[in-house]
Protein chains: 2
Amino acid sequence: MPEHSSGNSLLYLTDEQLRQGIEAMYFAYRGFTADPDRILGTMAYGRAHHRAIHFIKRAPGTTVTNLLAILGVTKQSLNRVLRALIEDGLVESQVGSSDRRERNLFLTEAGEALENRLSEAQRTRMRAAFRDAGPEAVAGFRKVLESMMDGDMKRRYASLRENGQ
Amino acid sequence: MPEHSSGNSLLYLTDEQLRQGIEAMYFAYRGFTADPDRILGTMAYGRAHHRAIHFIKRAPGTTVTNLLAILGVTKQSLNRVLRALIEDGLVESQVGSSDRRERNLFLTEAGEALENRLSEAQRTRMRAAFRDAGPEAVAGFRKVLESMMDGDMKRRYASLRENGQ
DNA sequence: ACAATACGTCAGCTTTGTTGACACTCCAAG
DNA sequence: CTTGGAGTGTCAACAAAGCTGACGTATTGT
């Protein structure tokens, strides 16, 4: 690789530029989680509950094993969160119809309500950022984020996109 | 939902698009932290140590209070991390010259070595993602991330950029 | 009948965050 | 020169959310 075959086209790959990208990612992620965290802080829930609720809303009827794979945590860790949500009546766990070993997870009305509050806060920030930056910037944003995922997660994300579309 | 007044120009602001942005952010952040986490997992350190090391490298001689403001954690939490790093000889804490209440923090040689290992792993992934996506996408990525930060963090990020450049 | 799968749970450990209380050093203002 | 307050460090106690390992139960498929 010749040092600067086309000058400008490689300038953005200097270590300084990469470091700025790293720090931008760090600070932006904190902004990204700030609003839901504030809401959750007023109740007995945390980020883990938010994630569970999000993906149950996303794929109603999903099984525990599937959720485990998406979230990438242990059964015990997820179970603690899920148990609280079920006890509090935000999530319903139904015995699977075809395979009765499985549990299909759904949000109750109360669960949907909380999900809405949380995701609306997050969407509002995302919407503002997207509007601010414009469509082309958004396309670039998505492109870089997808490249930055691990292989596994890229697959999970892709399968979610198919379902959602 | 037939709300597409001007079609394409607003398409990226539908709830579905926003949700995809949210999920992309979630999965990408996990990729972003995966490599350093793997390295740190082999020692007695975690993400908190990485963050401290990163910002000390970034602004050598920084004070504890300044680090506190950047990281947004409590004194006690940071102190626990810092104490471990100092005891292990990765960070040096020098009494301030002008104000002797302050402690100026520096990386030792061993600290620099670890910082390099960690940030090189992170830069490698970021570099690949940037190269994959291209310069325009990178510009968009940065633009959206900056818009997504909280006011406070945007200021911290901006001041870091000034110093770094 | 038996092995494998899906799920739940108990016990115990780690990291990283939190509050609250307290002490020390030092600078600056009265 | 004393005193108030800022910067720092430390103790204790606790919580959230991750982890491993082990075990039990129900169900399914071979």
Side-chain angles (χ1 to χ4, degrees), chain A residues 26 29-30 33-34 36-56 61-88 91-106, chain B residues 26 29-30 33-34 36-56 61-88 91-105 118:
Chain A
Y26 169 67
Y29 192 77
R30 284 181 46 187
T33 57
D37 281 357
R38 254 189 294 277
I39 294 171
L40 292 159
T42 67
M43 10 192 146
Y45 297 135
R47 230 175 260 184
H49 302 83
H50 183 192
R51 290 196 284 264
I53 288 175
H54 175 98
F55 286 108
I56 293 173
T62 189
T63 65
V64 173
T65 304
N66 185 39
L67 210 47
L68 243 36
I70 288 173
L71 296 175
V73 298
T74 59
K75 189 173 51 161
Q76 294 88 333
S77 198
L78 175 59
N79 193 254
R80 189 197 299 136
V81 165
L82 233 34
R83 201 189 323 163
L85 292 173
I86 290 170
E87 274 172 14
D88 296 353
V91 166
E92 203 185 347
S93 167
Q94 291 179 0
V95 172
S97 48
S98 61
D99 187 336
R100 297 182 35 170
R101 288 170 303 181
E102 296 181 345
R103 299 290 181 275
N104 296 116
L105 303 170
F106 300 90
Chain B
Y26 169 67
Y29 192 77
R30 283 180 46 186
T33 56
D37 281 358
R38 256 189 292 276
I39 295 172
L40 292 159
T42 67
M43 10 192 145
Y45 297 136
R47 231 176 258 184
H49 301 84
H50 182 193
R51 289 196 285 263
I53 288 174
H54 175 99
F55 287 108
I56 293 173
T62 189
T63 64
V64 173
T65 303
N66 185 39
L67 210 47
L68 242 35
I70 289 173
L71 296 175
V73 298
T74 59
K75 190 171 51 164
Q76 294 86 335
S77 197
L78 175 60
N79 194 254
R80 189 196 298 133
V81 165
L82 235 33
R83 202 189 325 161
L85 292 173
I86 291 170
E87 273 172 15
D88 296 352
V91 167
E92 202 185 348
S93 166
Q94 291 180 0
V95 173
S97 48
S98 61
D99 186 338
R100 297 180 36 171
R101 288 168 302 181
E102 296 182 347
R103 299 292 180 276
N104 296 117
L105 303 169
L118 294 171

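Letters A, B, ... mirror the listed sequences (proteins, then strands); counts begin at 1. Since the model is a prediction, treat every value here as computed from it, not as a measurement.
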K.L.:
Which heavy atom of B:L105 sits nearest to which heavy atom of B:S93, and what is that distance?
P.N.:
CD2-CB, 4.0 Å
K.L.:
Over how many whole Å does the gap from A:R30 atom CZ to C:dT16 atom P extend?
P.N.:
15 Å
K.L.:
Indicate whether OP1 or OP2 belonging to D:dG7 is found under 4.0 Å from a side-chain N or O atom of B:R103.
P.N.:
no
K.L.:
Report yes if the side chains of B:I56 and B:V91 come closer than 4.5 Å at any heavy-atom pair, otherwise no.
P.N.:
yes
K.L.:
Report the distance from atom CZ of A:R83 to atom P of D:dA17, rounded to the nearest whole Å.
P.N.:
14 Å
K.L.:
Please state how far atom CG in A:L105 lies from atom C1' in C:dA6, giving the value in whole angstrom units.
P.N.:
12 Å
K.L.:
Which word best sums up how the rings of A:H50 and A:H54 line up, parallel for under 30°, tilted for 30 to 60°, or perpendicular for over 60°?
P.N.:
perpendicular
K.L.:
Does a side-chain heavy-atom distance below 4.5 Å link A:L67 with A:T63?
P.N.:
no
K.L.:
Hey, is the main chain of A:L78 close enough, under 3.5 Å, to the side chain of A:R83 for a donor-acceptor pair?
P.N.:
no
K.L.:
Which pairs count as salt bridge (Lys or Arg N to Asp or Glu O under 4.0 Å) when at least one residue sits in residues 65-81 of chain B, sequence neighbours excluded?
P.N.:
none
K.L.:
Below 4.0 angstrom, which residues in residues 44-52 of chain A have at least one non-hydrogen atom near DNA chain D?
P.N.:
A:G46, A:R47, A:A48, A:H49, A:R51
K.L.:
Between C:dT16 atom C1' and A:D37 atom CG, what is the distance in whole Å?
P.N.:
14 Å
K.L.:
Rounded to the nearest Å, what distance is computed from the CG atom of residue B:N66 to the P atom of nucleotide D:dG7?
P.N.:
12 Å
K.L.:
What integer distance in Å separates B:E102:CD from D:dG5:P?
P.N.:
20 Å
K.L.:
Mind calculating the distance between CE (B:M43) and P (C:dT15) to the nearest angstrom?
P.N.:
13 Å
K.L.:
Just so I know, are the side chains of A:R47 and A:D37 near enough to count as touching, which here means a heavy-atom distance under 4.5 Å?
P.N.:
yes
K.L.:
State, with a plain yes or no, whether a side-chain heavy atom of B:Y45 is found less than 4.5 Å away from one of B:I53.
P.N.:
no
K.L.:
Please work out which of the three classes, parallel, tilted or perpendicular, describes the rings of B:Y26 and A:F55, given edges at 30° and 60°.
P.N.:
tilted
K.L.:
Quick one, give me the B/S/- string for nucleotides 18-29 of chain C, reading 5' to 3', where B means a protein heavy atom under 4.0 Å from the base and S means that only happens at the primed atoms, P, OP1 or OP2.
P.N.:
BBBB---BBS--
K.L.:
On DNA chain D, compare the nucleotides closest to A:L78 and B:S93; which residue's is nearer the 5' end?
P.N.:
B:S93
K.L.:
Could you state the CG-C1' distance from B:L40 to C:dT15, rounded to the nearest angstrom?
P.N.:
12 Å
